[in-house]
Chemist: 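The structure that follows is given in the form of structure tokens.
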Amino acid sequence: MQYDFKEIEKNWQEFWAKNETFKAKNNSDKPKYYVLDMFPYPSGAGLHVGHPLGYIASDIYARYKRHKGFNVLHPQGYDSFGLPAEQYAIQTGQHPAVTTAANIKTYRRQLDQLGFSFDWSREVRTSSPEYYKWTQWIFIQIFNSWYNKTTDKAESIDTLISVFEAEGNANVQAVCDEGIAQFSSADWKSFSDKEQQEILLQYRLTYLAESEVNWCPALGTVLANDEIVNGVSERGGHPVIRKKMTQWSMRISAYAQRLLDGLNTVDWPQPLKDSQTNWIGRSEGAEVTFSLKDSDHKISVFTTRPDTIFGVSFMTLAPELELVAEITTPEQKAEVEAYIEATAKRSERDRMADVKTISGAFTGAYAEHPFTKEPIPVWIGDYVLAGYGTGAVMSVPCGDQRDYDFAKHFNIPIPNIFEGVDISEEAFSDKATTIIANSDFLNGLDYKKATQKAIAEIEKIGAGTGKVNYRLRDAVFSRQRYWGEPFPVYYVDGMPQMIAAEHLPIKLPEVDKYLPTETGEPPLGNATVWAWDTVNNEVVSNDKIDHKTVWPLELNTMPGWAGSSQYFNRYMDPNNEGEIFSKEAIDYWQDVDLYIGGSEHATGHLLYSRFWQKFMFDLGLVPKDEFAKKLINQGMITGTSAFVYRMNSNITVSKKMLGKDLSDADDLYKLTKDAVIKTVQLKKKLVFIPKSLFSFHEFKKWKRSKGMSEEEIKKLIETDLAKERLKSIEHLIPDDEKEFFDLEKYSISYSAEALHTDVSFVSSSDDLDVEAYKNWRSENSDAEFILQDGNYIVGREVEKMSKSKYNVVNPDAICEEYGADSLRLYEMFLGPLEQSKPWNTAGITGAHGFLKKLWRLYHSGAEGAFAVSEDEPSKDSYKTLHKTIKKVEEDIENFSFNTSVSTFMIAVNELSSQKCNSRAVLEPLAILVSPYAPHIAEELWKQLGHEGSISTVDFPKFEEKYLVESSKEYPVSFNGKMRFKLELPLDLSKDEIEAAVMAHEKTAQQLQGRTPKKVIVVPGKIINIVG
RNA sequence: GCUCGAGUGGUGGAAUUGGUAGACACGUUGGACUUAAAAUCCAAUGGACAUUAGUCCGUACGGGUUCAAGUCCCGUCUCGAGUACCA
């Protein structure tokens, strides 16, 4: 009986589905374990072999945990709202729901075919109304909350209202908008309903605010920074302007400190934590207020260097600040306005890319130094960003390079406040060696002491306070898109109103087209049935809007991260219609134990999810304020692209360059160009040359990487290349030009272009299936390939796996040829999970060969019949088994899956040579392999005579006694170099070992009469003889 | 620029607390079986010299610690990821 993986895999996949083998129960005597994958966006292209890497790893771990007696939750679903489906809808008119459903079907088939142990009964799709009902529900909870700094958590807005009613807002410590006017209890009560709502909106955790966005009028949409290239849209190249729009924002900044602190409590990769830490960007310093001369205005600045306050020689404001217009003097008005206008035209990208140009304008206003009372000129400059801190800086040119450059450029004085430091060339910003001078009460202090003292003095005179500032900004939560969650929001007199939870979900309306409306409204503006009837509590036709009981609904939709910010909790109770999840479910499952996914989500999904989790924790909805205990970033699988080299259709004949200096390939190239005699058109248009005939550019690269000497290059070019290999293209020269193909007389040069070829045409030894390539593209049908030894060897390069590079490998094809178990093993075998590594289909034969060998261990009967004996295994077989158990268990616990695959291979190699077919070894072996190659394991388990699935059978127990050795083959080193090996009993003492070694004939041979100075003996490890 | 990570054969990668560098696999070469191919099996495979024994070099580069360094320390280079007028 052959290893028929197709039949086996099909049967067991059916078995698992039919028996719901992997369905997790929400209550169990077993301990719980929650293994989660970052769910996929179902794209139209389907999966390539890179995608399942993380899923295979998490599946192995989930299966392992089942063997270890855990009740495992291992769900999967789809992040199915998103731009590609919408883009496709705009192009083809097909409803995104239709294409999304079709894509999901493909994904499901591909996932099923890989044998994952997902509990599909818990599948969620972010785009299904049953799911987004709860996304809308959370939005309402966030809207109905404010952040109380006193209790340091989110609270219901009702607690805020009662404070307002009782005593106004004077004592309220909240994370809220800036500059809210103070009001008393009586004021509050006298406010109209609308006024009250407006005030509350400034406190809510999600609020409407004007945010500046990249608006593209031609596309009618807002673009992300990376969708803009050189100031125009990436798609279509339309102009983009900065525009203020009223949008929903999430007050994530309220959680900045807790998001930072929480990182210390989770086992996540350090780089990921670092990037979140950077993103949150905590900096300590002081906020200092400067009065303006001859004006009531004040300017607040945030500085991390209050110790340098006596070094201030000017102030710089962001040009966007409204204050600028108010303080500019009439004389400077024209200049300032011109500068503001110029800045507005520059995109953020421009301002970022262009660090060297220094620009700014003087406002004519002067601020007053809080201590010296000296006048300080106020400038504006686009190196100051409106969105960070207060949008203003106190400029200390001696201590900050940007301030320094600015001061130099505009001839502003640069006072030196550092002891013994020369600032004539550049600013001095080394905090560690700072000693302050020329600074009144700060003189002689170091950075730390001066900072403390400065803050204390600033506070004493009421000019400011010590402050912690965060880079993290509130997150814009509105998108001008169709294919996203609709907001459960309607507007009464422009004020947003939440729809009561019992009327959710508010379903996405149908539209005729998915583009923005002609008046520039979001796509939902095209919906004709999109108004809220407050009497019947239903969505009704727009023409019923009467602004009495029927009101317009919100036209924006939620962003991509809305649906993915709490899905891990919903999996615990995904079909609950009455609650987001039951208390029992969340209390049982608590949080994710292991989360696997890509590092690209570091500052998006993984930050927002932590924010929502903390919010839900504050509300008492979830028991943990961090949702995932451990997280692993799987590396990317890159493609190994294959290249053919298309020769340009003419070659250049030049004077012979023998004897010339060829020390540099650049010179060589130039030389060839200068000495051109003639250009010869080839007989054939399409000629593909082997890599070794590729142009000089390739040589340069090769030379550098291989460190070739000049001599070697000469040899290669003048003899090898110029003569033998060039001969292979001689027949392409037209007969009447043959005289120029005299390699003794002339040099021939040409260039070629590297073109991607589909990797499926290339064999494991890099030779191209020329016929397949010719058939691939009609223009190639009569192309000529210059072969070497009968083959065309392609060039190889590792690149990102992508359709356009023709290096995508489809798992369907791999499963068809080798089976899912082979694919699973091979993906793990490639290398450490976290590392990125190139895919090379050729290597899969190793994994496949292993499975066949494994199969043969159990099928040693006549014609490969199943044959397992009840004999007692040999000592060696027991040893093989138990060292395998030990290693595999350690490896899984450490997520070192690649090494455990090697361990399996070694075990099977050993058992094969031991001719072991004992049940006592082969049964545990099947369980060991089961997490990695579940189909074959199930089949072997069944053949071993067991009923039901192998999936919850106890993991084999490691027993030390089988590994106990009586002797060790010691490596004997002389001066650290291993010279020979010596088998010695393990129970020998150090002295006995030394005696045995010294008595050995090879020792004498090595020593050649010398007396060793020292003999190092590490029992059980090594012997080193020095001298 | 800053932060983090990584450099080991032709390739992917192994290598416990410092203790036999290159496990395992691919590829390559030779051989067996076969009419042939596939499949399978056996052998060799870091480099150089010697080819019997063996010797020397070798984990990006230059130093250092140690009986012993891929592993620890200092410096340099290269590559990758993230991030950026962040005051």
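Protein chains get the first letters and strands the later ones, always in sequence-line order, with residue 1 at the start of each.
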Chemist: Using the C1' atom as the point on both nucleotides, what is the distance between B/G80 and B/A48, in whole Å?
Modeler: 34 Å
Chemist: Given that A/N975 and A/M978 both sit by RNA chain B, which one's nearest nucleotide is further toward the 5' end?
Modeler: A/M978
Chemist: Expressed as a whole number of angstroms, how long is the span from A/R471:CZ to B/A87:C1'?
Modeler: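 It works out to 13 Å between those atoms.
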Chemist: Would A/M394 and A/D403 count as a side chain to side chain contact (heavy atoms under 4.5 Å, CB included) here? Give the steps.
Modeler: CA-CA 9 Å; A/M394 59 173 224; A/D403 294 346; over 6 Å; no
Chemist: Could you measure between the two P atoms, the one in B/A37 and the one in B/A23, and give it in whole Å?
Modeler: 30 Å
Chemist: Could you state the atom-to-atom distance from NZ of A/K837 to P of B/C24 in whole Å?
Modeler: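 Spelled out: NZ on A/K837 to P on B/C24 is 21 Å.
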Chemist: Starting at CD of A/E600 and ending at P of B/A81, how long is that distance when rounded to a whole Å?
Modeler: 13 Å
Chemist: Applying the side-chain contact (heavy atoms from CB on, under 4.5 Å) test to A/P971, which of A/I1022, A/N1024, A/L982 qualifies?
Modeler: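 When A/I1022, A/N1024, A/L982 are each tested with A/P971, the side-chain contact (heavy atoms from CB on, under 4.5 Å) holds only for A/I1022.
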Chemist: Which residue, A/P971 or A/E890, contacts RNA chain B at a nucleotide closer to its 5' end, judged by nearest heavy atom?
Modeler: A/E890
Chemist: With rounding to whole Å, what would you report as the distance between B/U66 and B/G12 at their P atoms?
Modeler: 36 Å
Chemist: Find the distance A/Y3:OH to B/U40:P and express it as a whole number of Å.
Modeler: 13 Å
Chemist: What do the steps show when you test A/S283 against A/F302 for side chain to side chain contact (heavy atoms under 4.5 Å, CB included), and what is the final call?
Modeler: CA-CA 10 Å; A/S283 49; A/F302 175 75; 3.7 Å; yes
Chemist: Which stems, defined as runs of 3 or more consecutive Watson-Crick or G-U wobble pairs with both pairing distances under 3.5 Å, involve RNA chain B?
Modeler: B:1-7 with B:77-83, B:10-12 with B:24-26, B:27-32 with B:40-45, B:46-49 with B:54-57, B:60-64 with B:72-76
Chemist: With salt bridge (Lys or Arg N to Asp or Glu O under 4.0 Å) as the criterion, how do A/E994 and A/K990 come out once you've worked through the C-alpha distance, each side chain's angles and the decisive distance to 0.1 Å?
Modeler: CA-CA 6 Å; A/E994 186 174 334; A/K990 266 193 180 186; over 6 Å; no
Chemist: With a 3.5 Å cut-off and just heavy-atom distances, do the side chain of A/N278 and the base of B/C2 make a donor-acceptor pair?
Modeler: no
Chemist: A/W279 versus A/L472: any side-chain heavy-atom pair under 4.5 Å?
Modeler: yes
Chemist: Kindly say if A/K1014 contacts the phosphate of B/C67, meaning a side-chain N or O under 4.0 Å from OP1 or OP2.
Modeler: yes
Chemist: Just call it for A/T845: base, sugar-phosphate, or nothing, with non-hydrogen atoms closer than 4.0 Å on any strand.
Modeler: sugar-phosphate
Chemist: If you define the side chain from C-beta out and look only at heavy atoms, does anything of A/Y447 sit under 4.5 Å from A/R305?
Modeler: yes
Chemist: Counting distance alone, no hydrogens or angles: does the base of B/C4 have a donor or acceptor under 3.5 Å from a partner atom on the side chain of A/D274?
Modeler: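 Check fails, no donor-acceptor contact within cut-off.
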Chemist: Does the ring center of A/Y826 lie less than 6.0 Å from the ring center of A/H848?
Modeler: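 No: the rings miss the under 6.0 Å criterion.
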Chemist: When rounded to the nearest Å, what value does the distance between P atoms of B/C41 and B/C26 take?
Modeler: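 It comes out at 10 Å once rounded to the nearest Å.
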Chemist: With sequence neighbours excluded, what pairs up with A/M636 under the side chain to side chain contact (heavy atoms under 4.5 Å, CB included) test?
Modeler: A/T638, A/K800, A/S836
Chemist: Can you check the distance between B/A69 and B/A21, where both ends of the measurement are the C1' atom (answer in whole Å)?
Modeler: 11 Å
Chemist: Quantified in whole Å, what is the P atom distance between nucleotide B/C33 and nucleotide B/U28?
Modeler: 22 Å
Chemist: Would one find a side-chain N or O of A/Q835 under 4.0 angstrom from OP1 or OP2 of B/A6?
Modeler: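 Negative; the distance criterion is not met.
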Chemist: Indicate syn or anti for B/G9, taking the glycosidic torsion and treating anything within 90° of 0 as syn.
Modeler: syn
Chemist: Tell me whether the side-chain N/O atoms of A/K852 come closer than 4.0 Å to OP1 or OP2 in B/U40.
Modeler: yes
Chemist: Do A/E983 and A/K981 sit within salt-bridge range, that is, some charged N less than 4.0 Å from a carboxylate O?
Modeler: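 Looking at A/K981 together with A/E983, the answer is no, because their closest N to O distance does not fall below 4.0 Å.
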Chemist: Quick check on B/A14: is either OP1 or OP2 less than 4.0 Å from any side-chain nitrogen or oxygen of A/K887?
Modeler: no
Chemist: Under 4.0 Å between a side-chain N or O of A/R979 and OP1 or OP2 of B/C56?
Modeler: yes
Chemist: Quantified in whole Å, what is the P atom distance between nucleotide B/G18 and nucleotide B/C67?
Modeler: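 Each nucleotide's P atom is 15 Å from the other's.
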Chemist: Which value, in whole Å, describes the distance between the P atoms of nucleotides B/G22 and B/C73?
Modeler: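 It works out to 25 Å between them.
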Chemist: Within the structure, does a side-chain N or O atom of A/R856 lie under 4.0 Å from either OP1 or OP2 of B/C41?
Modeler: yes
Chemist: For B/A14 and A/N898 - does any side-chain N or O of the residue sit under 4.0 Å from the phosphate oxygens OP1/OP2?
Modeler: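 Checking B/A14 against A/N898, a side-chain N or O does come within under 4.0 Å of OP1 or OP2.
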